[in-house]
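Notes follow once the structure below has been shown.
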Amino acid sequence: VSESLGDRLPPSLRAALDEAAPGFTLVLVSVGTGGWPHLALLSVGEVLALDDRTLRLALWPASTATANLAREPRVTLAAVLDGVSLSVRLTARPAGTLELPSGELAVFDATVAEVRADVAPYAVLESGIRFRLTEPAETLRRWAATRSALRRLGLPGDGAHAGAP
Ligand SMILES: Cc1cc2nc3c(=O)[nH]c(=O)nc-3n(C[C@H](O)[C@H](O)[C@H](O)COP(=O)(O)O)c2cc1C
């Protein structure tokens, strides 16, 4: 049964994003052309919680997910944490691009509209989607660089922001 947790990120999700544990995976559901839900996976290397209502996402610029977000701002981010299936409804705004040695990323700042938590009495959720890094040292270096560049963009609307006019 799913219930609304309101419009703040749950502490469990903020902690997971702050901790940036490799392997923790989020599913980004965007609306594709023709209305089809489109899935992309996001690692903790590309998602920051700026506060309890704002996430900053860095997406591969050529992806369908990026094109979808630019066209339709409403997306859902899903993850399993502490035995709960969480889905976070967000409104995403394009916030410029990040030029990094590893390549370019499309940045979106996303405001939480609603968080829902789903559990079923007959079952215990043991994990969400998880992955293992094939080149951990290199990937962790890249994530650290991406996360600190995302942090340096400043808060949405403060003028230091990549998307500011
Ligand atoms: C294990 C795994 C991890 C991924 N991590 C990311 C990520 O952190 N950021 C990202 O933008 N895409 C990531 N992707 C890629 C997206 O799932 C997807 O391939 C990308 O958005 C391009 O596909 P699309 O054009 O269908 O959106 C990952 C994919 C896999 C399989």
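Values below: every heavy atom of this structure, side chains too, minus hydrogens, waters and symmetry copies. Ligands are counted one by one from 1 in listed order, and the atoms in each one are counted from 1 as well.
For a threshold of 3.5 Å applied to N or O pairs, the pair formed by L41 and ligand 1 contains at least one separation below that value. Note: no N/O pair closer than 3.5 Å links L42 and ligand 1 by distance alone.
Atom CD of residue E104 and atom CD of residue E99 lie 4.5 Å apart, to the nearest 0.5 angstrom. Once rounded to the nearest 0.5 Å, the distance linking CG of L86 with CG of L77 reads 10.0 Å.
When only non-hydrogen protein atoms are considered, atom 15 (C) of ligand 1 lies nearest to W60 CZ3, 3.3 Å. When hydrogens are left out, the protein atom nearest atom 20 (C) of ligand 1 is S63 CB, 3.8 Å; that is the closest non-hydrogen contact. Nearest protein neighbour of atom 25 (O) of ligand 1, counting heavy atoms only, is T64 N, 2.6 Å. Nearest protein heavy-atom contact of atom 1 (C) of ligand 1 is F131 CD2, 3.7 Å.
The distance from ligand 1 to the heavy atoms of L59 drops below 4.0 Å at these ligand atoms: 11 (O). Proximity to S43 (heavy-atom distance under 4.0 Å) selects the following atoms of ligand 1: 7 (C), 8 (O). Distances below 4.0 Å separate heavy atoms of A40 from the following atoms of ligand 1: 16 (C), 17 (O), 21 (O).
A distance-only check finds no donor-acceptor pair linking the side chain of R132 to the backbone of P22 [under 3.5 Å]. Formation of a donor-acceptor pair under 3.5 Å by the R53 side chain with backbone atoms of D7 is found in this model. For the pair T66 (side chain) and W60 (backbone), a donor-acceptor distance under 3.5 Å is present.
Taking each of E46, H38, R130, R132 in turn, the one with a heavy atom nearest to atom 8 (O) of ligand 1 proves to be E46.
Atom CZ of R71 has more than 12 neighbouring heavy atoms from other residues, nucleotides or ligands inside a 6.0 Å radius.
Here the closest heavy-atom approach between residue R14 and residue L9 is recorded as CG-CB, 3.9 Å.
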